[in-house]
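Below is one structure; the comments refer to it alone.
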Amino acid sequence: WPSQTEQGKSTGSSFVAITATEDGTVLDVRSAQEIEPGAGLPKSGTGKVTLDRGDVLELVAGADKDLSGTRLRSDKPVQVIAGQSCAYVPDVMTGTCDHLEEAMLPEDTLGASYVVTMPVLLTPPQEETPTPFVIRLSAILTDTTITFEPEVHAPITLGAGQIRDVRLEGDAIKNVL
């Protein structure tokens, strides 16, 4: 989720934390956007870092940047967790922020079809669901086409490393529930 600014103050940063499981793990980092430099990585977030078992490399997004789409390669198994320290979802007009974290899966475990569930808010039939749902999509291959069934959104084509947020609200939510 992108770093966000509200009333001139940074509300949090997106991050990626990589933990090595073996000594001498070589990690090749290709950040999607600028990071806070450190651990041998420049502001561009591109370079190689060697970690030992239990070492953690944390990439922190630069101001108003988003690390979604960052590519990592390692010669040994690693754990990767990405998130945002204080995200206003779906946007900064949301009253409070949430801390987000997701475990990232290796590319070779990814498939071609996914099921996305959304929480159901039980409201009387005459009321609208008060909160829109946001799905963040990310592609690892060029010309990735994403379709929705039921058709709650038009098909989307993304390039490798690109992201897109899809906001479902109103009639789109009714088509799913």
Side-chain angles (χ1 to χ4, degrees), residues 1-111 114 116 132-146 156-167:
W1 205 258
S3 299
Q4 298 167 321
T5 304
E6 181 182 22
Q7 299 177 355
K9 293 182 180 178
S10 178
T11 60
S13 295
S14 72
F15 63 88
V16 178
I18 306 104
T19 305
T21 62
E22 297 180 27
D23 289 342
T25 299
V26 178
L27 185 64
D28 184 16
V29 180
R30 302 278 177 245
S31 182
Q33 295 192 6
E34 291 178 354
I35 64 166
E36 293 297 326
L41 291 175
K43 190 174 187 177
S44 68
T46 299
K48 292 189 179 194
V49 176
T50 300
L51 303 173
D52 286 329
R53 184 173 192 244
D55 286 350
V56 178
L57 173 66
E58 186 167 15
L59 307 174
V60 177
D64 298 320
K65 302 297 180 189
D66 183 358
L67 297 184
S68 297
T70 293
R71 302 297 293 262
L72 304 169
R73 297 265 186 247
S74 82
D75 63 344
K76 297 177 182 161
V78 294
Q79 176 194 40
V80 180
I81 296 174
Q84 220 285 1
S85 59
C86 181
Y88 289 86
V89 179
D91 55 46
V92 293
M93 299 308 294
T94 303
T96 57
C97 70
D98 285 316
H99 180 88
L100 306 176
E101 285 190 15
E102 292 286 335
M104 301 289 104
L105 301 173
E107 288 180 5
D108 60 349
T109 66
L110 300 178
Y114 296 89
V116 177
F133 299 99
V134 179
I135 303 168
R136 174 155 283 196
L137 305 168
S138 178
I140 61 168
L141 301 173
T142 301
D143 295 327
T144 297
T145 299
I146 302 158
I156 297 170
T157 300
L158 298 174
Q162 287 185 315
I163 61 160
R164 173 87 179 267
D165 291 336
V166 174
R167 186 173 167 148

Got a second to check how far [X]'s [atom1] is from [Y]'s [atom2], nearest 0.5 Å?
X	Y	atom1	atom2	result
I163	L158	CD1	CG	9.0 Å
S74	L51	OG	CG	9.0 Å
F15	L100	CZ	CG	8.0 Å
I135	R167	CD1	CZ	12.5 Å
S68	Q33	OG	CD	8.5 Å
T50	D23	OG1	CG	11.0 Å

Notebook entry, point to check: How about T144 and T157: do any of their side-chain heavy atoms sit closer than 4.5 Å?
Noted result: no

Check: Between V166 and L137, is any pair of side-chain heavy atoms under 4.5 Å apart?
Finding: yes

Do [X] side-chain atoms and [Y] backbone N/O form a donor-acceptor pair below 3.5 Å?
X	Y	result
D75	T25	no
S138	G69	no
D52	G24	yes
S14	L67	yes
K65	I35	no
T19	G54	no
T142	G159	no

Under 4.0 Å between a Lys/Arg side-chain N and an Asp/Glu carboxylate O for [X] and [Y]?
X	Y	value
D66	R136	yes
R30	D28	yes
E107	R71	yes

Checklist line | Test log, rule side chain to side chain contact (heavy atoms under 4.5 Å, CB included), inputs I156 and T145 | finding: CA-CA 6 Å; I156 297 170; T145 299; over 6 Å; no

Next item on the list: Check V60 against S13 and note the closest heavy-atom contact, atom names and distance.
Entry: CG1-CB, 3.7 Å

Next item on the list: Taking all heavy atoms of S31 and all of T46, pick out the closest pair and write down the distance.
Entry: N-OG1, 4.3 Å

Next item on the list: Answer yes or no: does atom NZ of K43 have more than 12 heavy-atom neighbours from other residues, nucleotides or ligands under 6.0 Å?
Entry: no

Item checked: Step-by-step side chain to side chain contact (heavy atoms under 4.5 Å, CB included) determination, L57 to V16 -> CA-CA 8 Å; L57 173 66; V16 178; over 6 Å; no

Next item on the list: Kindly determine whether L41 and V49 satisfy side chain to side chain contact (heavy atoms under 4.5 Å, CB included), including the steps that lead there.
Entry: CA-CA 8 Å; L41 291 175; V49 176; 3.8 Å; yes

